[in-house]
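Bear in mind the structure is a predicted one, so any value in this text is a computation, not a measurement.
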Amino acid sequence: MTDEILVRVEGRVGRLTLNRPQALHALTTAMCVGMTEALLAWKDDPAVELVLLDHSGERGFCAGGDIRMLAESGAGDGQAARAFFFTEYRLNHLLFEYPKPVLTIMDGVTMGGGVGLAAPSRYRVATERTTYAMPETGIGLFPDVGGGWFLPRMPGHIGLWLALTGARVKAADCELIGMATDFIETGKIEAFKAAVIADPAAVETLLTEYEGDPGRPPLAAHQDEIDRLFGKDSVEAIVAALEAADTDWARDQLKVLATKSPQTLKVAFRQLQLGGQASTFAENMEMEYRVGARVVQRHDFIEGVRAVIVEKDNAPKWNPPTLSGVSEQIIETIFAPLPSAEAWSPLTGL
Ligand code: QUE
């Protein structure tokens, strides 16, 4: 048991509350285990009609994963890092296949591992404090937790743009990309949760009743440009298209991409290609686990965490330093199948 997750049943609602506020609720293995056990117990429990997933305190829903632990493990034998991904991806998959409605309140920062919890939920509520991103290319990781499934299924090439640039978007854009199903003002969230707990069968009526207006999505102005410039068959071709575009927006994207791990850019590109072709979510997670098991032990991840999270100099020295240095052979090595005894598998009996 861990106090990093609060688990209780309120009325006919199973409630999971992320409770690691000092780390913006970044997920630990114990938190993933705690949520998985509760979800499995409630799955066949007729006293639970709906699952509510939220966070304690004021700051953000979930910043991601316990990155320091992953980097420390990756610098050694990688065992704890692989155990984390194995458990976290099983939880992502359990949420995806869950037979009861899951309602996730994304009030504040919802990035990386937090997206992995929210995206497979049936109802995904954004507020004016929601900030969504998949920022992993900035630390030499990759947009995992189901990014390979969800990102290529967003409109046009927006998902690939989000994956490569790590761009942060707010509530209205979350609706545009399909990440949020609903918008409720932060100030009404407590009353909304109380109403759902009082009558979970009325969740859809309540979502309509509490629905607010997130405003216009700023991304709409760039959708044509994204689709034209990111709809290419390699990262190099995207960079070439951005260089040829000669607009302020394209120049900004180039500047952002120049700060990211070249290895990770190519990994994310391949991940979204493969995930986009996957016929099941489980197949995508099995692919992501192979990648996660490899990249945590590679230079760029350990260096990225040093530069962005630990020392915060924000000056990672990527190796290889350029896209052309990241050979097809490096990418093949990262995506190669694992020995069958080490491969990821979903929980059985769902
Ligand atoms: C990429 C990431 C993460 C990140 C920054 C990145 C990530 C993560 C955190 C994070 C942020 C604040 C905290 C914390 C962790 O930052 O996964 O504990 O207080 O968890 O560029 O993937």
Side-chain angles (χ1 to χ4, degrees), residues 2 4 20 22-33 62-92 111-116 133-145 147-148 163-164 166 259-271 285-323 325-327 329-339 341-344:
T2 172
E4 294 173 347
R20 197 174 168 241
Q22 74 283 9
L24 248 175
H25 310 292
L27 302 177
T28 62
T29 305
M31 291 164 78
C32 295
V33 169
C62 177
D66 187 356
I67 291 296
R68 281 171 193 257
M69 179 283 281
L70 292 177
E72 279 165 24
S73 171
D77 67 5
Q79 177 54 39
R82 286 190 294 276
F84 172 76
F85 286 141
F86 198 94
T87 306
E88 183 187 35
Y89 296 0
R90 279 190 158 182
L91 171 60
N92 300 143
M111 299 191 189
V115 173
M134 291 301 280
E136 292 90 348
T137 54
I139 57 166
L141 197 55
F142 68 113
D144 66 341
V145 293
L164 297 182
T259 68
K260 308 300 183 188
S261 154
Q263 170 196 289
T264 300
L265 293 174
K266 287 197 175 177
V267 166
F269 188 91
R270 175 71 60 86
Q271 174 205 2
M285 298 319 294
E286 186 273 334
M287 176 268 291
E288 290 189 8
Y289 181 75
R290 287 185 251 147
V291 176
R294 266 62 175 259
V295 298
V296 286
Q297 296 212 269
R298 296 185 66 93
H299 166 85
D300 274 13
F301 175 60
I302 293 158
E303 170 63 5
V305 173
R306 181 205 64 74
V308 176
I309 311 275
V310 180
E311 295 179 26
K312 301 191 204 295
D313 59 34
N314 286 310
K317 292 187 181 58
W318 305 125
N319 184 23
T322 60
L323 287 170
V326 184
S327 66
Q329 199 210 316
I330 292 177
I331 300 301
E332 297 279 323
T333 304
I334 290 171
F335 283 84
L338 290 164
E342 292 171 34
W344 184 85

Q: Are the charged groups of E72 and R68 less than 4.0 angstrom apart, N to O?
A: no

Q: Could you grab the distance from atom CD of Q263 to atom CH2 of W318, nearest 0.5 Å is fine?
A: 9.0 Å

Q: Say whether, by atom type as modelled, one donor and one acceptor occur between the side chain of R290 and the main chain of A336 under 3.5 angstrom.
A: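 Checked: no pair found.
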
Q: Might you point out which heavy atoms bring L338 and E342 nearest each other, and give the distance in Å?
A: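 Heavy atoms of L338 and E342 come nearest at CD1-O, 3.8 Å.
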
Q: For the residue pair T264 and L141, establish whether any side-chain heavy-atom pair is separated by less than 4.5 Å.
A: no

Q: Which pairs with one or both residues in residues 294-309 pass salt bridge (Lys or Arg N to Asp or Glu O under 4.0 Å), sequence neighbours excluded?
A: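 Salt bridge (Lys or Arg N to Asp or Glu O under 4.0 Å) check on residues 294-309 returns E303-R306, R306-E311, R306-D313.
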
Q: Working to the nearest 0.5 angstrom, can you tell me the gap between M69 CE and T29 OG1?
A: 4.0 Å

Q: Would you say CD of Q329 has more than 12 non-hydrogen atoms from neighbouring residues, nucleotides or ligands within 6.0 angstrom?
A: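 No - once you tally the heavy atoms of other residues, nucleotides and ligands closer than 6.0 Å, there are 12 at most.
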
Q: Please identify each residue that fulfils salt bridge (Lys or Arg N to Asp or Glu O under 4.0 Å) with K260, with sequence neighbours left out.
A: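 Checked K260 against salt bridge (Lys or Arg N to Asp or Glu O under 4.0 Å); zero matches.
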
Q: Within a strict 4.5 Å, meaning less than it, do heavy atoms of the I331 and F269 side chains meet?
A: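 In short, these two side chains do not touch, never coming nearer than 4.5 Å.
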
Q: Looking at E286 and W344, what are the two nearest heavy atoms and their distance?
A: N-CE3, 3.6 Å

Q: Between the side chain of Q297 and the main-chain N/O of G76, is any donor-acceptor distance below 3.5 Å?
A: yes

Q: If you measure from CZ on F301 to CD1 on I67, what distance do you get to the nearest 0.5 Å?
A: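 Those atoms lie 4.5 Å apart.
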
Q: Do the side chains of Y89 and V145 get nearer than 4.5 Å, heavy atoms only?
A: yes

Q: Can you list every pair that meets salt bridge (Lys or Arg N to Asp or Glu O under 4.0 Å) and has a residue in residues 78-88, with sequence neighbours left out?
A: none

Q: Taking the side chain as every heavy atom from C-beta outward, state whether L27 and D66 have any pair of such atoms under 4.5 Å apart.
A: no

Q: Got a second to check how far E136's CD is from M111's CE, nearest 0.5 Å?
A: 10.0 Å

Q: L164 and A268: which non-hydrogen atoms are nearest, and at how many Å?
A: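 Nearest heavy atoms, L164 then A268: CD2-CB, 4.1 Å.
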
Q: Grab the two heavy atoms, one from G138 and one from V308, that are nearest each other, plus how far apart they are.
A: O-CG2, 3.6 Å

Q: What do the steps show when you test D144 against V291 for side chain to side chain contact (heavy atoms under 4.5 Å, CB included), and what is the final call?
A: CA-CA 9 Å; D144 66 341; V291 176; over 6 Å; no

Q: Kindly compute the distance separating CD (Q271) from CD (E288), expressed to the nearest 0.5 Å.
A: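 So the CD of Q271 and the CD of E288 are separated by 4.5 Å.
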
Q: So, do R270 and I334 sit near enough that their side-chain heavy atoms are less than 4.5 Å apart?
A: no

Q: So which heavy atom on S73 is nearest to which on A80, and how close?
A: OG-N, 3.3 Å

Q: In Å and rounded to the nearest 0.5 Å, what is the CG to CZ distance from N92 to F85?
A: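 Atom-to-atom, N92:CG and F85:CZ are 11.0 Å apart.
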
Q: Could you check if a side-chain atom of Y289 sits within less than 4.5 angstrom of a side-chain atom of M285, using non-hydrogen atoms only?
A: no

Q: Please give me the minimum heavy-atom distance between P262 and P321, naming the atom from each residue.
A: CG-O, 3.5 Å

Q: Are the side chains of P320 and I330 in contact, using a 4.5 Å heavy-atom criterion?
A: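 With C-beta onward as the side chain, the pair touches.
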
